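So the structure is just underneath, and the comments pick up after that.
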Amino acid sequence: MQYQSFLIKYAEIGTKGKNRYMFEDALIRQIRYALSSVDGEFDVTKESGRIYVKALGEYDYDDTIEALKRVFGIADICPMVQIDDKDYENLKKHVVEYMDQVYPDKNITFKVDARRGDKQYPVSSEQINRDMGEAILDAFPEMKVDVHHPDVLLRVEIRQKVNLFSLMIPGPGGMPIGTNGQAMLLLSGGIDSPVAGYMMAKRGLILSAVHFYSYPYTSERARDKVVDLTRLLSRYAGPIRLHLVPFTDIQMTIYEQCPSKETTVIMRRLMMKIAQRIAEKEGARALITGEALGQVASQTLESLCVTNDAVTMPVFRPLIGFDKDDIMDLSRKIGTYETSILPYEDCCTVFVPKHPVTKPVLEDLRASEAKVDFSEMIEHAISDSELMIIK
Ligand code: ATP
Ligand code: MG
């Protein structure tokens with residue numbers, strides 16, 4: 001079956017009351033953006049609480065579905081046959097043809113579910129159900145009706161046109177990008193932070209990202225890897241402003257002048273401070289990290305408290321309650337895993353102390369940090385950072 005149209009079902013945004021049109025418009029924008037990289041031309045329209053995607057002429061079906069599956073806010077994608085002709089006798093023919101083409105294996109049970117959006121239509125929904133069911137049974141005696149648990153639920157919607165659909169391809173859920181403001185993702189080259197970015201983008205946040213690198217201790221390839229990860233994320237999140245921040249001076253200074261066991265936590269505090277500064281400039285109102293409680297020494301409850309103390313913005317840690325295995329599963333699902341496990345060194349791993357504190361005391365950390373004047377280094381790191389816009 002060659003489908004030309006899709007009905008887009010959305011979940012949560014259906015409940016947003018008066019703001020609903022804003023969510024719908026944002027979803028339409030994101031759908032258009034996602035389809036702009038697919039072969040073909042598409043019309044994306046809104047019609048009384050519905051969003052339709054219509055392919056104008058030839059297009060790539062598989063790529064279209066793949067693109068739509070990455071648009072947050074979509075609950076289901078229903079490939080649909082749209083018929084202009086509302087004549088009742090012809091409708092039976094169309095329904096039979098639909099069932100024939102979509103279900104080559106006729107050994108199935110079905111149920112017809114008709115809805116009349118057009119109340120002027122001369123036949124009632126119940127009558128349509130009966131007549132269409134009968135037409136299908138006449139054409140394909142192997143098919144059976146099952147009103148409770150049908151293999152196929154065929155929807156016949158009488159609106160301005162007639163819509164026939166029965167397939168539902170799950171979308172990613174969530175809320176359309178741009179409906180919940182903007183946040184700054186601290187993006188390392190690891191497994192966790194891209195997943196954290198994905199999860200928050202799924203709640204409708206526009207992402208910016210910041211990455212700290214310590215050239216020459218970390219290589220050009222480690223940086224490229226982060227650019228690649230950002231590109232993979234942008235397939236879901238739309239264009240991402242990625243800030244690449246040189247961190248070598250700060251890191252060397254920490255390494256030379258702070259107690260060895262505290263270096264990681266101090267480094268995390270300075271990363272957060274710089275990230276917040278860049279976020280403020282960008283209009284981002286929260287930070288996002290890939291931390292999970294207890295995963296490493298710098299992610300114990302005490303360490304997280306000390307890290308949090310460095311900033312005033314809310315810090316979103318969507319993976320906080322996740323096991324590493326679950327994070328890895330998600331990372332495979334969203335397609336970042338293979339890139340994340342490439343073996344290039346990260347600035348955190350280069351300078352990792354042998355015996356990091358697991359229960360840092362806030363006052364001690366503040367005191368150690370205060371012994372060194374990082375302010376000028378922080379200003380330099382920010383002014384020397386490089387901005388890339390990744391699509
Ligand atoms: P990930 O897999 O995301 O690298 P991780 O388990 O290796 O996480 P850490 O290295 O302790 O954990 O980093 C914790 C969080 O700090 C990361 O999830 C990320 O949000 C941030 N982070 C770590 N290193 C960097 C970096 N070089 N640039 C930007 N953010 C970083
Ligand atoms: Mg890491």
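Please read these numbers as outputs of a predicted model, since none were measured by experiment. Order of listing sets the numbers, starting from 1, for every ligand and every atom in it. The basis for the numbers below is simple: all heavy atoms, side chains too, and nothing from hydrogens, waters or symmetry mates.
The I191 neighbourhood of ligand 1 comprises atoms 2 (O), with distances under 4.0 Å to a heavy atom of that residue. Atoms of ligand 1 lying under 4.0 Å from any heavy atom of H211, numbered from 1 in the order shown and given with element: 26 (C), 27 (N), 28 (N), 29 (C). Atoms of ligand 1 found under 4.0 Å from any heavy atom of S298, numbered from 1 in the order shown, are 11 (O). Close contacts between ligand 1 and G190 involve ligand atoms 1 (P), 2 (O), 4 (O) [criterion: under 4.0 Å to a heavy atom].
Geometrically, ligand 1 and M271 share no nitrogen or oxygen pair separated by less than 3.5 Å. Not a single N or O atom of V296, backbone or side chain, sits closer than 3.5 Å to an N or O atom of ligand 1. For G290, a nitrogen or oxygen atom sits less than 3.5 Å from a nitrogen or oxygen atom of ligand 1, counting backbone and side chain alike.
In summary, the aromatic rings of F6 and Y52 are positioned with their centroids too far apart to meet the 6.0 Å limit. Remark: aromatic rings of F72 and Y10 are distant, center separation not under 6.0 Å. Aromatic rings from F42 and Y59 are positioned such that their centres are separated by under 6.0 Å.
Taking all atoms of both residues into account, the shortest heavy-atom contact from G174 to R203 is CA-NH1, 4.4 Å.
Taking all heavy atoms of R268, M272, Q251 into account, the minimum distance to atom 21 (C) of ligand 1 is reached by R268. Closest to atom 12 (O) of ligand 1 by heavy atom, among R317, Q299, R223, E291, is Q299. Looking at S340, A275, G189, S188, it is S188 that brings a heavy atom closest to atom 25 (C) of ligand 1. Residue D192 holds the heavy atom nearest to atom 8 (O) of ligand 1 of all those in L187, D192, L186, T289.
Look at R221 and D224 and you find no salt bridge, because none of the NZ, NE, NH1 or NH2 atoms lies under 4.0 Å from a carboxylate O. Salt bridge present: K46 and D25 bring a charged side-chain N and a carboxylate O closer than 4.0 Å. Under 4.0 Å is where a charged nitrogen must lie from a carboxylate oxygen, and between E66 and R235 no such pair does. In this structure, R20 pairs ionically with E24, as a charged nitrogen and a carboxylate oxygen lie closer than 4.0 Å. One finds a salt bridge joining D309 and R269 here, because a Lys/Arg side-chain nitrogen approaches an Asp/Glu carboxylate oxygen to under 4.0 Å.
Residue S193 touches ligand 1 through backbone and side chain together, judged by heavy-atom distances below 4.0 Å. Counting heavy atoms closer than 4.0 Å to ligand 1, residue V210 contributes backbone atoms (N, CA, C, O) but none from C-beta onward.
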